[in-house]
Amino acid sequence: MPELPEVETVRRSLEPLLVGARISHVELRRDDIVAGDRSAAALLEGASVASIARRGKQLALIAGAEGRRPGRVLVVHLGMTGQLVHHPSARDLSASTHVHALWSFDGGGVLSFRDPRRFGGLWTLADATELRARWSLLGPDGLDVTGAMLRERAGESGRAVKAALLDQGVVAGIGNIYADESLHRAGIRPTRLCRRIRGAEWESLAASIVGVLGSAIRAGGSTVRDYVGGTGRPGAAQRAHAVYGRGGEPCLTCGRPLRSMSLAQRTTVWCHSCQR
DNA sequence: ATCAGAGCCTGCCAGC
DNA sequence: TGCTGGCAGGCTCTGA
């Protein structure tokens, strides 16, 4: 399930393949995945990709300006099961199911948006100004967050700290996995109310978030539940999970069994001994 | 202000 | 073998 590290991994892998390339044709197979203008031009047909940006879990393909007309923007959210994949040839896609949109590039190469559960989607924006407006609703990116930012945005709140971490307006890019992992690393219980968290703890939490997300990016962002590598072994990031998916198993720090509960409608795992 | 709950959607898995 | 039910979760909406 793509959270910030997975989305950033996708961004980095697509950047050298797409930037500078011109989209010759767009095929939209089901239009209910698009919010906004669904025309081919809005989906960047005929445009060249100038850059690929990311904020939190959202990706943005930004088209180059044409004359005085600013480049359009296509925002991609992968939801839970979304995949944005570049294929050298359209033939590679013949066996794929749940492919909802395809972008063909001059000189070959196809980008596919595949999303079985369709929790993700596409948003067509007129220009970068609309993108800034959209992203202004998000909190700071998880890779840039500081204790002061968390405290300012959640410090007075009476909600559980985990609920605040999942709120994209507080900090952008954290989902269920990295919320639990960050709180464990910081030694803070997910149920702690924000207003009961001290300044030094916000700093510790921010550092934990940056550290956890950074490690996951370095591991290639492989956090899919049943992820296995090409040799059938579990992926590095999956093995690195200290608490996520490990309810009832021993805490890697103290050995006591990890507890599990539902908080903010999410399965939540923590160590009652290491987290206070 | 914050919560729980429902809904969207499909793949997977345990249990019958 | 094949069905059913539960679970997973990002995000949004409703009602308490």
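Each chain gets a letter, A, B and so on, in the order the sequences are listed, and its residues count up from 1. Predicted model, so just to flag it, every value in this text is computed and none were measured.
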Counting only side-chain N and O atoms of A:Tyr244, is one of them less than 4.0 Å from OP1 or OP2 of C:dG9?
-> yes

Compute the bend angle of the helix from B:dT2-C:dA16 to B:dC16-C:dG2 from the end axes (five pairs per end), rounded to 10°.
-> 50°

Contact check, residues 145-161 of chain A vs DNA chain B, heavy-atom distance under 4.0 Å, returns A:Ser157, A:Gly158, A:Arg159, A:Ala160

Nearest to the side chain of A:His77, which nucleotide is it out of B:dC3, C:dG9, C:dC11?
-> C:dC11

Using a cut-off of 4.0 Å on non-hydrogen atoms, how would the nucleic acid contact of A:Thr267 be classed: base, sugar-phosphate, or nothing?
-> sugar-phosphate

Say whether, by atom type as modelled, one donor and one acceptor occur between the side chain of A:Arg29 and the main chain of A:Ala101 under 3.5 angstrom.
-> no

Where along residues 114-124 of chain A does a heavy atom come under 4.0 Å from DNA chain C, residue by residue in number order?
-> A:Arg117, A:Phe119

Figure out the CG/C1' separation between A:Leu193 and B:dT2, and round it to whole Å.
-> 11 Å

Which pairs of donor and acceptor atoms, one on a side chain in residues 109-120 of chain A, lie under 3.5 Å apart (sequence neighbours left out)?
residue: A:Ser112; atom: OG; partner: A:His87; partner atom: NE2; Å: 2.8
residue: A:Arg114; atom: NE; partner: A:Thr97; partner atom: O; Å: 2.6
residue: A:Arg114; atom: NH1; partner: A:Gln83; partner atom: OE1; Å: 3.1
residue: A:Asp115; atom: OD1; partner: A:Thr81; partner atom: OG1; Å: 2.6
residue: A:Asp115; atom: OD1; partner: A:Gly82; partner atom: N; Å: 3.3
residue: A:Asp115; atom: OD1; partner: A:Arg118; partner atom: N; Å: 3.3
residue: A:Asp115; atom: OD2; partner: A:Arg118; partner atom: N; Å: 3.4
residue: A:Asp115; atom: OD2; partner: A:Phe119; partner atom: N; Å: 3.3
residue: A:Asp115; atom: OD2; partner: A:Gly120; partner atom: N; Å: 2.8

Just how far, in rounded Å, is C1' of B:dC3 from CE of A:Met261?
-> 12 Å

Using whole Å, report how far CZ of A:Arg266 lies from C1' of C:dG10.
-> 6 Å

Report, one line per pair, each donor and acceptor closer than 3.5 Å where one atom sits in a side chain of residues 61-75 of chain A; sequence neighbours left out.
none

To the nearest angstrom, how far is A:Gln265 atom CD from B:dA6 atom C1'?
-> 10 Å

Result block: side-chain N/O donor-acceptor pairs under 3.5 angstrom for residues 166-173 of chain A, not counting sequence neighbours:
residue: A:Asp167; atom: OD1; partner: A:Gly169; partner atom: N; Å: 2.8
residue: A:Asp167; atom: OD2; partner: A:Arg159; partner atom: NH1; Å: 3.2
residue: A:Asp167; atom: OD2; partner: A:Arg159; partner atom: NH2; Å: 3.1
residue: A:Gln168; atom: OE1; partner: A:Gly173; partner atom: N; Å: 2.8
residue: A:Gln168; atom: NE2; partner: A:Leu166; partner atom: O; Å: 3.2
residue: A:Gln168; atom: NE2; partner: A:Ile174; partner atom: O; Å: 3.0

Between C1' of B:dG7 and CG of A:Asp32, the distance in whole Å = 15 Å

Yes or no on side chain to side chain contact (heavy atoms under 4.5 Å, CB included) for A:Arg12 and A:Ile217, after CA distance, side-chain angles and deciding distance?
-> CA-CA 10 Å; A:Arg12 291 181 186 182; A:Ile217 290 174; 3.4 Å; yes

Once the angle between the rings of A:Tyr178 and A:His241 is folded into 0 to 90°, is it parallel (under 30°), tilted (30 to 60°) or perpendicular (over 60°)?
-> perpendicular

Would a distance-only check, ignoring hydrogens and angles, find a side-chain to backbone donor-acceptor pair under 3.5 Å from A:Ser182 to A:Ala179?
-> no

Grab the CE-C1' distance between A:Met80 and C:dT12 for me, whole Å please.
-> 16 Å

Gap between atoms CD and P, on A:Gln58 and C:dT12 respectively (whole Å) = 9 Å

Judged by atom type as modelled, is there a donor-acceptor pair below 3.5 Å linking the side chain of A:Arg198 to the main-chain atoms of A:Trp202?
-> no

Given B:dG11, is OP1 or OP2 found less than 4.0 Å from the side-chain N or O atoms of A:His98?
-> yes

Applying side-chain hydrogen bond (donor to acceptor under 3.5 Å, both in side chains) between A:Asn176 and each of A:Glu3, A:Lys162, A:Gln265, report the one that passes.
-> A:Lys162

Would you find more than 12 non-hydrogen atoms of other residues, nucleotides or ligands less than 6.0 Å from A:Arg256 atom CZ?
-> no

In whole angstroms, the gap separating P of C:dG10 from CG of A:Asn176 amounts to 6 Å

Is the backbone of A:Val26 close enough, under 3.5 Å, to the side chain of A:Glu45 for a donor and an acceptor to pair up by distance?
-> yes

Donor on one side chain, acceptor on other, A:Gln275 and A:Arg192, under 3.5 Å = no

